[in-house]
Amino acid sequence: MPSLALPKSSLLRQPWEYRRVYAQGLRLRGDHFSLIFLANQVGEHRLGISVHGVKSAVRRNRLKRIVREFYRHHRSFIDWCGIVAIPPGTGMDVVFAIRSGFAPNSPQEIEQVVRQVMSKRPHPPQPPRKGGGRNDNAERKKS
RNA sequence: UGGAGCGGGUGCAUGAUCGCCGGUUUCCCCGGAAACCGGAGGAAAGUCCGAACUCCAUAGGGCAGGGUGGUUCGUAACGCGAACUGGGGGCGACCCCAAGGAAAGUGCCACAGAAAACAAACCGCCCCGCUACGGCGGGGUAAGGGUGAAAAGGUGAGGUAAGAGCUCACCGCUUUCGUGGCGACACGGAAGGCAUGGUAAACCCCACCCGGAGCAAGACCAAAUAGGGAAACGUUCGAGGGCUGCCCGUCCGAUGUUUCCGGGUAGGUCGCACGAGGUGCCGGGCGACCGGCAUCCCAGAGAAAUGAUCAUGGCCCCGUACGGGGAACAGAAUUCGGCUUACAACCCGCUCCAAAAU
RNA sequence: GGGUCGUUAACUCAGUCGGUAGAGUAUCUGCCUUUUAAGCAGAGAGUCGUUGGUUCGAGUCCAACACGACCCA
């Protein structure tokens, strides 16, 4: 039985980490949320949570906590589908991007929604837009 | 019992399991592990005020600008609070009020109306003259009609050709005197015969207050771009800059200053949580609040921790039982004192009105 | 966290000193034209972000609230 501890080192923290995942990750779109996957060099899975468009700070924090609680118990959900090939010694960065209108209000409901979405096909990474993202070049050299 | 007014309080509790953040101690001494302790609010919110704190060399004088507006207290301070005064509302308990000045000045008062402010007279009323009996002219008057949000004291009586503070009584107003009160003001007397329409959340006047920014303030340490390009001005005859918007004044100022272009931004530590602090008791005060003694240490910073599940017990709703459902507003970011706004359900105390039903 | 500003017709904006809210674009109708566009004539439409207050009377003055935008190191 794996440990259920989830220290902060297993979370995405910095803006550039999120930017890297958004720019190159595989996207799965659900109802008012999406999952974005990208392999990292850290050696373990990491979680990022982004809540957008929810005005109440209480609801915003609650969504983050519920998502973190779900991830703590079902860290292996990344392996459920065989879409993403995980090389040994590599982890996955997952960003849970939630928009306003997201309904689930407990870890169980999140699990249902995630299982539903994981059965779909992922979207390929979006090509970088012309105007934006002056950090794209630097990021690509790194990886 | 019902309705109502005021003041205050609570904002599910306990346990288990799995987690998160901070601190202390111990063990290994890179970094981790274990134990123990602590971990959202009455509004943490809006950012509407006031401060503490920090920087602007010291913050100087004047003008401009902004704020407050009954009085007296309270407070570190306030635009906040308390008590009282005045005005308004309610049968009442009680509630509401940006509540100085319109006899310093200026402006405005649309439409309607004769007239919107040094008064004036449309319909009227009364007197005189003329008359073709329809009225016309001259004068008096402001009680009545009409207009308007507002029409130059109100009501009643006397008086008169008709009327009018023309005269009188009461009320109001103005001036003045006395008494009481720290004071706002109140009460009483006398005089004047009415002069002073409204608007200052219009300009303004008066009194009092205010330097500017804000913890992304700022201090220290480390590293890097960078010896980059262009333009303008200047080197004691002073460019330019700081001190609030302006002026005065004053300070800084030399291989320099300013502006533009280009480049860079993922630093660390402190500030930073012991404070105008909380709780309890005693004392002073009508009260806001103040003083003394005892006691406690009570969240903290990284895009940011305080969570999830289950059980039991309360509470509310549906329901014959079993059972089912619900629990508001809302999340600390430098810290305090207020204000304002949001808020399910319930509890406690005091008070007012009505008296019904069984 | 702190600071600054805005909200008026479907859209973009005026509205000076408080007195019946306007312009352009768009829409609709008619004329003109073979038709369209253009042009000409006319019409429709607004809780002035919301709620209170001051005033005889608020788009305008004052206060609270809501929504939106921008700035900082």
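Here the structure is a predicted model, which is why all the values come from computation and not from measurement. Residue numbers start from 1 in every chain, and the chains themselves are labelled A, B, ... in the order their sequence lines are given, proteins ahead of strands.
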Name the residue closer to the 5' end of RNA chain B, choosing between A:Leu12 and A:Asn105 according to the nucleotide with the nearest heavy atom.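 Its nucleotide being nearer the 5' end, the pick is A:Leu12.
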Mind checking if A:Arg60 touches a base, just sugar-phosphate, or nothing, with heavy atoms under 4.0 Å?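 Contact class for A:Arg60: none.
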Distance check, [atom1] atoms only: [N] and [M], in whole angstrom units.
N	M	atom1	value
B:A142	B:U160	C1'	14 Å
B:G101	B:C203	C1'	15 Å
B:A305	B:G283	P	49 Å
B:A162	B:C126	C1'	4 Å
B:G148	B:G70	P	39 Å
B:G338	B:A76	C1'	14 Å
B:C260	B:G242	P	14 Å
B:C348	B:C315	P	15 Å

Begin with the C-alpha distance, continue with both residues' side-chain angles, and end with the deciding distance and a verdict on side chain to side chain contact (heavy atoms under 4.5 Å, CB included) for A:Ile110 and A:Phe102. CA-CA 10 Å; A:Ile110 296 221; A:Phe102 188 67; 4.2 Å; yes
Within the distance-only criterion (no hydrogens, no angle test), does the side chain of A:His52 pair as donor or acceptor with the backbone N or O of A:Arg99 below 3.5 angstrom? no
Exam field: side chain A:Arg62 to backbone A:Ser106, donor-acceptor pair closer than 3.5 Å: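 The answer is no, because no donor-acceptor pair under 3.5 Å joins these two groups.
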Rounded to whole Å, please give me the gap between [atom1] in [X] and [atom2] in [N].
X	N	atom1	atom2	answer
A:Lys64	B:U306	NZ	C1'	14 Å
A:Arg68	B:C20	CZ	C1'	7 Å
A:Arg72	B:G307	CZ	P	14 Å
A:Asn61	B:A308	CG	C1'	15 Å
A:Glu69	B:U17	CD	P	16 Å
A:Tyr18	B:A303	OH	C1'	8 Å
A:Phe70	B:U309	CZ	C1'	16 Å

Under the rule syn = chi within 90° of 0, otherwise anti, which is [N]?
N	result
C:G53	anti
B:G165	syn
B:G31	anti
B:A40	syn
B:C298	syn

Using only side-chain N and O atoms of A:Arg65, determine if any of them is under 4.0 Å from OP1 or OP2 of B:U306. yes
Quick one: is B:G331 close enough that its OP1 or OP2 comes under 4.0 Å of any side-chain N or O from A:Ser56?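 Yes, within the criterion.
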Out of [options], whichever nucleotide has its closest atom nearest the side chain of [X]:
X	options	result
A:Arg62	B:G307, B:A305, B:G331	B:G307
A:His73	B:A330, B:C18, B:U309	B:C18
A:Ala57	B:A332, B:G19, B:A330	B:A332

Quick one: CZ on A:Arg59 to CD1 on A:Ile66, what's the gap to the nearest 0.5 Å?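 One finds 9.5 Å between CZ of A:Arg59 and CD1 of A:Ile66.
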Would you check if A:Val113 and A:Phe33 make a side-chain contact, meaning some heavy-atom pair closer than 4.5 Å? yes
Could you tell me whether A:Arg115 and A:Glu111 make a salt bridge, using a distance below 4.0 angstrom between a side-chain N and a carboxylate O?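 Yes, this pair counts.
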